[in-house]
Amino acid sequence: MAPGIPAAMERPHFIGIGGAGMSGIAKILTRRGAKVAGSDSKESATAEALRALGATVHIGHAAGHLADDATCVVVSSAIRADNPELVRAGDLAIPVVHRSDALASLMEGLRPIAVAGTHGKTTTTSMLAVALTELGLDPSYAIGGDLAGPGTNATHGEGAIFVAEADESDRSFHKYDPEVAIVLNVELDHHANYASMDEIYDSFETFVGKVVPDGTLVVSADQAGAVELTRRVRDLSALKVVTYGESVSADVRVHKITQRGLTSEVTVVLNGKYLTFTVSVPGRHYALNAVAALAAGVALGIPAHNLASALGKYTGVKRRLQLKGEAAGVQVIDSYAHHPTEMTADLEAMRGAASDARLLVVFQPHLFSRTQELGTEMGQALALADASVVLDIYPAREDPIPGITSTLIIDAAQAAGADVTAVHDKATVPEVIAGMVKPGDLVLTMGAGDVTDLGPQILDHLSS
């Protein structure tokens with residue numbers, strides 16, 4: 001067994017190995033010397049990257065893909081009980097390990113930073129990964145998206161720090177024991193798993209309660225849900241609480257955020273001293289993510305001025321306001337935003353960067369359950385754009401809910417005064433957008449599904 005590989009992870013088989021969270025764990029294990037195998041529903045750049053690292057990746061799901069000598073089968077909450085590889089694992093009595101347990105096992109013996117919150121996890125985790133790497137600390141990290149710089153969502157470093165995105169959607173973040181926990185915000189989402197805000201608060205309280213003795217909680221002083229969580233956990237023994245934000249009561253107080261095109265300049269007050277640094281992505285919410293990352297690094301003992309300078313090296317994550325290109329004088333940008341708060345933040349950021357240019361959005365709703373609960377708010381967010389195209393709902397892991405369609409969003413958007421066009425055939429979007437834009441416009445593809453594929457197609461159509 002290679003050093004650093006838990007015994008159960010010597011020969012793991014991943015069902016859905018191409019997923020953002022699953023592939024990250026698989027990459028770390030291959031770099032540690034494990035014999036990794038798995039399957040995914042379709043070919044992808046991720047599958048090819050895993051093969052280049054030495055993993056065996058099958059396309060499609062079949063019982064025969066699971067080797068008899070696999071030491072465990074790793075699954076996420078998206079894998080259904082009737083998956084043929086999961087069924088075969090049961091027949092062979094091969095242990096089934098949830099993705100979060102696999103990730104937790106990789107953190108053992110290290111100094112974990114776990115980044116949680118309804119929004120901003122991927123960006124904040126990435127900022128920390130880039131900054132710590134820039135400082136020569138060689139961290140390990142597992143992120144829910146690909147960094148624009150290193151071009152990967154995970155790596156195995158030789159340093160003592162492990163930075164991980166902590167997913168609340170299925171309560172899997174309860175598995176981690178971080179030295180530093182970051183909570184960016186607390187809002188109601190993932191309606192298939194949480195029935196109320198009380199359940200959300202209970203879940204986040206459990207996560208915070210897993211912080212190791214004398215560990216640190218870094219938490220927003222601005223967002224209402226985070227403030228309420230702080231009130232609930234303040235009295236936990238052996239927990240240091242560090243608040244950050246624009247509130248005058250924040251321990252790490254944001255003095256000023258100045259947007260300069262597609263970057264921001266941030267000034268904070270930390271231990272009574274002013275510190276200014278650059279964030280190379282637009283938007284107030286991304287600037288606040290950087291401040292959270294700064295506070296977490298300081299909690300680990302990293303000098304603030306060194307960390308602030310290193311944070312400026314972060315250049316973004318794929319799908320987080322990622323510039324896809326320009327054609328015919330039109331810039332096309334991609335956004336992963338799919339919750340109304342995320343949508344509003346990204347649209348406000350782009351509105352600030354656009355100056356007098358028009359902002360057009362291609363929005364694809366994600367999940368029937370989320371649309372059912374938050375469709376009205378999604379439509380209201382689209383009123384920030386000059387015009388929007390709304391696609392059918394991307395189902396992901398869900399079955400349809402009778403009566404829940406994109407019409408719910410469109411009606412709300414129109415009621416809010418938005419200019420909205422419904423498009424049911426995704427293949428026609430490039431032509432529709434070409435008929436709407438003029439030189440100088442910004443086009444934003446938005447959503448957590450396959451709407452991201454439309455950016456290059458729109459650019460090709462505009463070029464022709």
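Taking both residues in full, the closest heavy atoms of Thr118 and Glu342 are given as O-OE2, 3.6 Å, listed atom of the first, atom of the second, then distance. When all heavy atoms of Ala293 and Leu311 are compared, the closest pair comes out as CB-CD2, 4.0 Å. Contact between Cys72 and Ala8 at its shortest, heavy atoms only, is SG-O, 3.1 Å. Nearest heavy atoms, Leu135 versus Ala310: CG-CB, 3.8 Å. Of all heavy-atom pairs spanning Pro139 and Ala129, the tightest one is CG-O, 4.0 Å. Looking at every heavy atom in both residues, Leu367 comes nearest to Pro395 through CD2-O, 3.4 Å.
A salt bridge (Lys or Arg N to Asp or Glu O under 4.0 Å) check over residues 83-94, counting only residues at least two apart or in different chains, returns the pairs Asp68-Arg88.
Asp251 and Thr243 form a side-chain donor-acceptor contact under 3.5 Å, judged by distance and modelled atom types alone. No side-chain donor-acceptor contact under 3.5 Å links Asp138 and Thr133. Residues Ser203 and Glu168 bring no donor and acceptor atom of their side chains to less than 3.5 Å of each other. Between the side chains of Ser406 and Asp392, no donor-acceptor pair of N or O atoms lies under 3.5 Å.
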Could you go through the salt bridge (charged side-chain N to carboxylate O under 4.0 Å, His left out) check for Glu10 and Arg32 one step at a time?
CA-CA 10 Å; Glu10 288 183 288; Arg32 289 192 183 185; over 6 Å; no
Applying side chain to side chain contact (heavy atoms under 4.5 Å, CB included) to His13 and Val74, what does each step give before you reach the verdict?
CA-CA 6 Å; His13 179 93; Val74 184; over 6 Å; no
For Ser196 and Asp198, what are the C-alpha separation, side-chain angles and deciding distance, and is it a side-chain hydrogen bond (donor to acceptor under 3.5 Å, both in side chains)?
CA-CA 5 Å; Ser196 66; Asp198 280 338; 5.0 Å; no
Please report the C-alpha distance between His339 and Glu377 in whole Å, then the side-chain angles of each, then the deciding distance to 0.1 Å, and finally whether the side-chain hydrogen bond (donor to acceptor under 3.5 Å, both in side chains) criterion is met.
CA-CA 9 Å; His339 183 284; Glu377 291 83 355; over 6 Å; no
Go through the steps to decide whether His174 and Ser100 satisfy the test side-chain hydrogen bond (donor to acceptor under 3.5 Å, both in side chains), and finish with yes or no.
CA-CA 9 Å; His174 297 169; Ser100 57; over 6 Å; no
Worked verdict on Ser369 versus Glu398 for side-chain hydrogen bond (donor to acceptor under 3.5 Å, both in side chains):
CA-CA 8 Å; Ser369 61; Glu398 290 187 343; 2.5 Å; yes
Between Ser23 and Asn153, does the side chain to side chain contact (heavy atoms under 4.5 Å, CB included) criterion hold? Intermediate values first, please.
CA-CA 8 Å; Ser23 63; Asn153 59 335; 3.0 Å; yes
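Under 4.0 Å is where a charged nitrogen must lie from a carboxylate oxygen, and between Arg80 and Asp399 at least one such pair does. Ion pairing between a basic and an acidic side chain is recognised when a charged N comes within 4.0 Å of a carboxylate O; Arg99 and Asp167 show such pairing. The pair Asp214-Lys240 does not count as a salt bridge, with every side-chain nitrogen at least 4.0 angstrom from each carboxylate oxygen. Ion pairing of Arg111 with Asp177 is absent here, as no side-chain N (NZ or NE/NH1/NH2) approaches a carboxylate O to less than 4.0 Å.
Partner of His285 under the side-chain hydrogen bond (donor to acceptor under 3.5 Å, both in side chains) criterion, chosen from Thr123, Asp346, Asn185, Thr341: Asp346.
Side-chain N or O atoms of Ser309 include none that pairs as donor or acceptor with a backbone N or O of Asn306 at under 3.5 Å. Between the side chain of Arg51 and the backbone N or O of Val57, at least one donor-acceptor pair lies under 3.5 Å. Side-chain atoms of Lys121 come within 3.5 Å of backbone atoms of Gly117 as a donor-acceptor pair (strictly under, hydrogens ignored).
A parallel orientation is assigned to the rings of His58 and His65, their planes being inclined by less than 30° (bins at 30° and 60°).
The number of heavy atoms from other shown groups lying within 6.0 Å of NZ (Lys210) is above 12. Shown here is Lys35, whose NZ atom has no more than 12 heavy atoms of other residues, nucleotides or ligands within 6.0 Å.
A ring-centre distance under 6.0 Å is not found for Tyr176 and Phe207.
Atom CE of Met378 and atom NE2 of His338 lie 8.5 Å apart (nearest 0.5 Å). Note: Thr376 OG1 to Gln372 CD = 11.0 Å, rounded to the nearest 0.5 Å. The structure places CD of Glu246 at 9.0 Å from OG of Ser220, a figure rounded to the nearest 0.5 Å. With rounding to the nearest 0.5 Å, the separation of CE in Met22 from CG in Leu103 is 11.5 Å. Between atom CD1 of residue Ile15 and atom CG of residue Leu86 there is a gap of 5.0 Å, rounded to the nearest 0.5 Å. Expressed to the nearest 0.5 Å, how far CG of Leu106 lies from CG of Asp101 amounts to 11.0 Å.
No side-chain heavy atom of Asp460 sits less than 4.5 Å from a side-chain heavy atom of Gln457.
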